[in-house]
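The structure appears right after this line, and notes come after that.
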Amino acid sequence: MEKLFAEVYVELKHRRLDRIFHYGIPPGLTDRIKVGARVVVPFGNKLHQGYVVNLVKRADVEKIKNIKELLDERPLFTPQDIELARWMADYYLCPFVAALECILPAGLKYENSTVIALLGSDEEAMSLLNSLKFMDTEAAEVLQFVLDKSSITRANLEKKFSGKNVARAIETLVDYGVISMKQQFRMTGFRREMSAILVRDEEISSDTQALANRAPKQGQLLSTLMDKKRLPVSLLLKQTGAPKSSLNALVAKGLVRLEEDTVAGKVIRQSDRPEVIHELTDKQEQVFRRVSSAIRDGKYAPFLLHGVTGSGKTEVYLRAVQRALEEGKSAVVLVPEIALASQMVSRFSQRFGEGIAVIHSGLSRAERLQEWMRVHRGQAKVVLGARSAVFAPVKDIGIIIIDEEHESSYKQDQVPKYHAREVAKARARQHEAALVLGSATPALESYLETQKRNYGLLTIDQRVTTRPLPVVAVVDMRQERRQGNSGIFSTALFQSLENCLGNGEQAILFLNRRGFASFLICDKCGFSIRCPHCDIALTHHTKGNKLMCHYCGYQQQVVTQCPRCGSPGIGGVGCGTQQVEEEMYRRFPDLSVIRMDVDNTRKQGAHQRLLDKFGSGEGSVLIGTQMVAKGLDFPNVTLVGVISADTGINLPDFRAWERTFQLLTQVAGRAGRGQRPGRVVVQTYQPDNPAVGRARTHDYLGFYRSELARRRQFGYPPFCRLIRVLITGQDEVKVKTGAEALSKVIKKNFLLHSAAGEILGPAPAPLAKIKGKHRWHLVAKSPDAEELKGVVSASLRQYSLEFDQQGTNLAVDVDPSGMI
DNA sequence: AGCACGCCGACT
DNA sequence: GTCGGCGTGCTC
């Protein structure tokens, strides 16, 4: 018997709709509807997009509607994609469709829009317009607008008449029968840019004069093109002011050719530098052999590769990927943020040339789609990219590598808040592939997995060159203050700077993130100036002498008196990159300093430009936040200074110490990469904190043990699993009561299941208000992962059925990486 | 989520 | 008597 019904998920991402709906397959579409294809279905009284997840012979539902339209003749999702999305939805407690849409590149999404068009003749519309003018001005205005445009999307109309009741006006006009509404599904991802090209520029010149006389616009187009040879159509028309028809005429005459723009420009795959294949050290060789045999075995095999900075992990990755290719399989390599990993891109492209695809956030939608298609078509069998590349449409994966696996950028900060490491695990299992997690400072969770024998442990404890790790000096700032030094630099750091710069070497100064850097605080009453919308300390910007909120962008003038107690002693505490820069110029007047922070790296490519500048020796000192910590390799840098380790240690987060340890280890790795030995100076008020102490001695295991003991004592991950739920909304009372209600439901369910779980909160989130939205959160916690998930998932369902949370939004975070 | 249905207050 | 508020319930 034929399979006449499709099981469909509708695109709407709501807990109540997160299930299968059955649709009939109309005669015209039998045999064409396949699992994994997208369709248009009538749902309620509108059309919506749907995803076909199964085909069945019968459906036990009373009323069944038919599928309206098929969007993909060839299915977009493989059964494995659907399986992966199921896993994600289940693990991250998100709607299935939300998970599925993660797998889909943005460029392939269809947008659901309503198109409004004139139904009858213009004359009919005009006569109605005249009578409406006196009865219903709003409807008249809308009609006038539609008349001018002849057709427009509803969304555009709403935008044009924002604030007015467009819906009613439209309804009126539809009732009069002057306009029609039609839903349309359009691909929005890639506008195909066309370029105009001159066909034969030699022979044209003689014709041009004659043509220019007869058709001046066409002449203008030609002469413009003669200068430029090739120009995007949109630009060309704008420059000449000629209509599209003139261009079309030239195309018809065979003088101009239109060609689709290639958008691959930004993805540089081949480097002109000759490839250096490094010999493997014994340690590297041992590691490679184990990974290699895992690839050959074709079984799921996860490894943690713990290699000190400079241990040559990249070369092992390259060989392992090569190995997978030799087996006829493909490979996925994830890096934290591609902008910071350009060295990785160039090494991979040197080795694999056109066979790699690069996918990251710096690409436009179209560029990303192009890379995606290359993978989809099997043109690239190696994918290198950031978090989302874990979903790349590769077939038959032999190995997945996650470099710097502890990095927090692997966790998506929007729903579904997945962690690429966990998704990679699920994919590696599906493909029976090897999985290599590489890091000098593995996440506590990952290292614990090796101890539990869930991951194989691969260790490289020596650098490729025998050069020792840099010496790390910890400066006790309490003592410094006692000795009367109230400046930014301790004596030790200042002397080290003098030394380093005196030798013509370079230094990096590292600060913690800027939101916590420079704020105004009253030295008498302790009042600090905070954002009225976001309730976080405003950051002082010397430029324009402004205070700015780094969440919503709110700005105000600097105050000179404390608004609470009136004391004139309100001033800056802590320091930002700008202050360090100023201090540097004060102490070393003829020095050139490069400052790098979120402000001056926002623009595309600005980041790399500053790094290149520093690399070429144009500046002696690089001052920056987190971004200078990662992956940089400048041989002439012999000194790294950490201005204050304390900001990191004291963040309100259970992972603060782990992060600080990782960060310090990483910045320390930036020193002494060339011939001369490196030195690291860390300033802190808490020299006894293990995050500082263990980083000083490069002792990962020591830190791991002490931190694990602390986590066990306080019941934090990895000994407990956490699910955090964030509730946001305009109305604080609604947000608060919602959080309390959900908390109550979870508590009750914990008791019913006699679970060991508990609830923290509900409480206002550490950032209690962002962009006018109040934020409350609660954390469910249990040592039993399955039970925790079961209880929270059931509670969420119950809550969403029993409480109408109008005006509030709910975001679930399974395994939150932080609590802020 | 989005929309219709439906039951109560202030207006032509 | 009518318009329109938003509580309730459904969507194959």
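In what follows, every chain begins at residue 1, and chains take the letters A, B, ... in the order their sequences are listed. The model shown is predicted, which means the values in this text are computed figures rather than measured ones.
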Nucleotide [N], atom [atom2] - distance to [atom1] of [X] in whole Å:
X        : N      : atom1 : atom2 : answer
A:Phe21  : C:dC10 : CZ    : P     : 12 Å
A:Lys734 : C:dC6  : NZ    : C1'   : 11 Å
A:Arg19  : C:dT11 : CZ    : P     : 8 Å
A:Leu12  : B:dG2  : CG    : P     : 7 Å
A:Gln49  : B:dG2  : CD    : C1'   : 17 Å
A:Lys13  : B:dG2  : NZ    : P     : 10 Å
A:Gln183 : B:dC3  : CD    : P     : 9 Å
A:Leu17  : B:dC3  : CG    : C1'   : 12 Å

- Message: What I want to check is whether the side chains of A:Asp81 and A:Thr78 have a donor and an acceptor closer together than 3.5 Å.
- Response: yes
- Query: Hey, what's the ring geometry for A:His419 with A:Tyr410, parallel, tilted or perpendicular (30° and 60° as the breaks)?
  - Reply: tilted
- Message: Counting the atoms with a prime plus P, OP1 and OP2 as sugar-phosphate, which does A:Tyr23 contact under 4.0 Å by heavy atoms, base, sugar-phosphate, or nothing?
- Response: sugar-phosphate
- Message: Strictly below 4.0 Å: does A:Lys63 bring a side-chain N or O up to OP1 or OP2 of C:dC12?
- Response: no
- Is the distance from OP1 or OP2 of B:dA4 to the nearest side-chain N or O of A:Asn45 less than 4.0 Å? yes
- Query: Is it true that A:Glu11 and A:Lys109 have a side-chain N and a carboxylate O under 4.0 angstrom from each other?
  - Reply: no
- Pair A:Arg368 + A:Glu371: basic N to acidic O under 4.0 Å: no
